[in-house]
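Remember, it's 1-based here, ligands and their atoms both numbered in the order they're listed.
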Amino acid sequence: MNKSLYSKLVFIMLLIILSLMSVVGAFLMNEIRSFYLDDFYEKMKTVFENQGLANDLYSAADGPDAAKHMAEIVQLYSGQLGIDSRSRNYYILSGDTGAVLGGSGSEEGELAMTPNITTAIGGEEGYISVQSADYMDVALPISGSTGNYIVYIIDNKSSVRELSSAMFEIILEALLIGLAIAALLSLLLAKTMVTPIQSLTRAAERVAAGDFSQKPDFGSEDEIGILTRTFNSMAGQLEDTLNDLTKSEQMRREFVANVSHELRTPITSIRSYAETLMENSDLPPQTERDFLGVIVKESDRMTNIVSDLLTLSRFDAGSIEFQFERFSIKKAISDVYNSMLMEAQKHNHKFTLEFKTELPEIVGDNARIEQVLINMVSNAVKYTRDGGRISITAGANADAVWISVRDNGIGIPTEDVPKVFDRFYRVDKARSRESGGTGLGLSIAKEIVTRHNGTIALDSKIGKGTTITVTFPVEGPHEN
Ligand code: ADP
């Protein structure tokens, strides 16, 4: 990746330098050429518009040795005209044929016929500049009594060509140096950009391999910095999700193991009693009845476990419809009290009910709330030695109703209190099983209370007793 980014950056930089230099070079060369051209015609005009020079030339044309004199006169102005006998020369030509009569250049006889010479032969001043030609010239007709003459200045552009090629070399050198600097700079630039991207890539590879321990941080506020922070927050969320998934996967496994274990126990016991009955046809009738009783009790237990599990899985799937309606919670509590009274009395418990305040009617699922209360009371009965005290108290504040079930039973060790709402969690498995418990009652109770937007809390001291309190909002869960 870094290789391609490097080369891309270098390539782009080089391209920029190359195009920049080409444009500048072409522009400069063109400027030089047109400056030289303009300068030439400017000079010619300035010199030849000088009336003194014109007068001198005309009077020379009238005298003897006209061409020679005229040449001498032009020679006097050679400084101003830029005559250097190398690239720029002057000539005195015959005004009729264009033949060379004298001048600074080495050409004898005929010069190449240029448009300007032709114009001058025709008696007009030749100041035409031909951009594409490899020369610049000016031809001025001078007529005198001794004949027609032309003062002719020609520049073969060799100096401008030399200047151009010198310029071209300079531009080429500058281009090479520029390219080298650009290559170096773009490497540096690529490095500053690529280094954080590389470490971000490494971090992403680590995350992909499940290692969240290192978080890249460049402390910069630029795009790379933003990318890094976004990456880190994404990695953080991924880590949380993974942890949650692992946790729920662990819970699922535990749950499956628990279910299998819970179901195997009654099956094993049913099987062994049934086998004994099958193999021993001569058992006393009372023993046979006892054994059959155990089988029935164990199958009831299995039915209970399966139906509780079904309830819980329906809660999990959200497929249980609650019948929310306004009903008298006071009546529901009294009904639960009355239905559990016999059971409590069977164990010689002193069972009381007290309303601390008036209770308003609440919005909720009457039957399910009664199910919760029955579970609370039956736990109190189950986990209190015979002859204990069990009380239901209830009251209300502005927006909620609370119901507490208190017993002076065996209690729960402090460290187990937070776990009693977990599925299948039981402090004393044998005791719970003995009394027909499934270890799912409080889990179901908690689901029901939560659906009502209520709370459930358990307070217990080992050997002293337990108080479990639920609250339900008067107006029910607001989602409905
Ligand atoms: P179970 O069917 O075993 O009663 P629950 O979910 O109703 O299942 O209760 C979970 C566990 O919490 C029980 O096994 C018991 O150990 C403990 N527990 C619940 N209520 C009481 C209570 N009133 N006194 C003592 N322990 C209790």
Listing, residues 224-235 side-chain donor-acceptor contacts under 3.5 Å, not counting sequence neighbours, or none:
unit_1 : atom_1 : unit_2 : atom_2 : d
Thr228 : OG1    : Ile224 : O      : 2.6
Arg229 : NH1    : Ser220 : O      : 3.4
Thr230 : OG1    : Ile226 : O      : 2.6
Asn232 : ND2    : Pro216 : O      : 2.8
Ser233 : OG     : Thr230 : O      : 3.4

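- Side chain of Ser460 to backbone of Gly465: a donor-acceptor contact under 3.5 angstrom is found.
- Defined by atom type and a distance below 3.5 Å, a donor-acceptor pair is missing between the side-chain atoms of Asp386 and Asn348.
- Around ligand 1 you find Asn375, Asn379, Ala380, Lys382, Tyr383, Asp407, Gly411, Ile412, Val420, Tyr425, Arg426, Val427, Ser432, Gly437, Thr438, Gly439, Leu440, Gly441, Leu442, Thr466, each with a heavy-atom distance below 4.0 Å.
- There is no side-chain donor-acceptor pair under 3.5 Å between Ser404 and Thr393.
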(Q) Between Met136 and Val130, is the side-chain contact (heavy atoms from CB on, under 4.5 Å) condition met? List the steps. (A) CA-CA 7 Å; Met136 309 178 280; Val130 184; over 6 Å; no

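- Residue Met376 forms a side chain to side chain contact (heavy atoms under 4.5 Å, CB included) with just one option from Val470, Ile390, Thr469, and that option is Val470.
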